[in-house]
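Counting begins at 1 with the first residue of the sequence. Order of appearance sets the numbers: ligands from 1, and atoms from 1 within every ligand.
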Amino acid sequence: MKNGLIPALIVLFLFPIANASAQEVNIYSYRQPFLIDPITDKFTEETGIKVNIIYAKAGIAEKLEREGEYSPADLVLTSDFNRLVEITEKGLTQAVENKTLAQNIPAQYRDEQSHWFALTTRARVIYASKDRVEDAEDLSYEDLTGEKFKGKICVRSGKHPYNVSLIASMIAHHGEAETKQWLLKLKENLARKPQGNDRGQVMAIKEGVCDVSLGNSYYYGKMLMDEEQKPWADAVNIIFPNQQDRGAHINISGVAMAKYAPNKDNALALMAYLSSDKAQQLYASLNMEYPVNPKVEASELVQSWGCFKADSLPLTTIVQHRATAYKLLDQVKFDL
Ligand code: FE
C-alpha cells in the first residue's frame, strides 16, 4: 500500500505542473501574422502560454458556426468593426467581464454587453496627389462627388468592410436616399473599376491613373517604411476628411472571446495582454495604428501627421446601417 501511494502522490503533484507547461490558447485571426506573431510571441515569453493561430481572410464566422460547441477557438481577432459585430450578432461570442480590460479600454471602445473590445483605431482618410490636387486639406467625403474629380478617383471594392463601414456612416449622417446619390456620383467619378487594396490605390495615384483615393491611415506609415512603396506614399498627402464639420470616419480592430472557448482563463489573460501598454506599443509601432489604451501614444511617425477631429458618432450606431450599405452598393452596381 505504502509503496503504491508514493507514485500516486507524485503523479498527482506533477500533473498540474505538466499541465501548466502545456497551456495554450487558440486564435482565429483576420489580422495578419507580421503584426500578431510578434505580440503573441511576447505573451508566450512572459506567461509560458502557447498561442496557436489560424489566419484567415474571410469565413471565420462560418467556421465558428460549423464547428459549434466543438470549436477549438478561444479568441477571434478582427481588423474592422463589421466583422466583430457580425460574430457577436450571430451568437458566436461570450461576455467577458474583466477589470484590466475595463481599465485599459475606454467605454466607447468596448461593447456594453462586454462581448467585443477594440484594440486599435484608425481613420479612413483621403490620399491626394501632391502635384495634382490643390487645397486638399479641406476635403470631405462629400467633396469626392464633385465635378473636379471626374475620372480621378481610385478605390478598392465598395464591399470591403473598410468601405462598408464608411458608407454606413454616410447613411447614419445623411440618410439612405442621399447616400445612394453620393455612391452613384462617386462611382461616376472613378478612374477605373474598384479593385486591389488600399495601398494599390496610392500606387495608382503615383502612376497617374487617378488623383485621389480612400484608404486607412496606417497604410501611409506602412508605405513610408517600405522601400518599394515609399515613392507611392511620397506622391500623396494624407488628408483627414471633414475637419470642417463632423470629423473623419474611424474604424477599429478588436477582439472577442468565442462562445465555446476551451481555454477561457488563458484567453482572458491574452485579451488583457493585448490591451496592455506593451502590446499596445507594438500595435502602434508595427502597424502605425492608434492605440486604444489612452496611456499609450501613437508612434512618432503617426504623431507627425498631426491631430485630427474624429467623427464622434458611436460605431454601434454606424454599424446598424451596414445591411443598407450593402443594399445600396448592389443598387448602384458600385463594383461592376
Ligand atoms: Fe488593413
Run the side-chain hydrogen bond (donor to acceptor under 3.5 Å, both in side chains) check on Thr44 and Asp41 step by step: do they pass? CA-CA 5 Å; Thr44 302; Asp41 284 353; 5.4 Å; no

Would Lys180 and Glu176 pass as an ion pair if we require N to O under 4.0 Å?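 A salt bridge is absent here (no side-chain N lies under 4.0 Å from a carboxylate O).
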
Return yes when at least one N/O/S atom of [X] is nearer than 2.8 Å to the Fe ion (ligand 1), and no when none is.
X	value
Tyr162	yes
Tyr219	yes
Tyr218	yes

With Arg156 as partner, the option from Asn163, Asp335, Asp198 fulfilling side chain to side chain donor-acceptor pair (under 3.5 Å) is Asp198

Over 60° means perpendicular and under 30° means parallel, so classify the ring planes of Tyr162 and Tyr218, tilted if in between. perpendicular

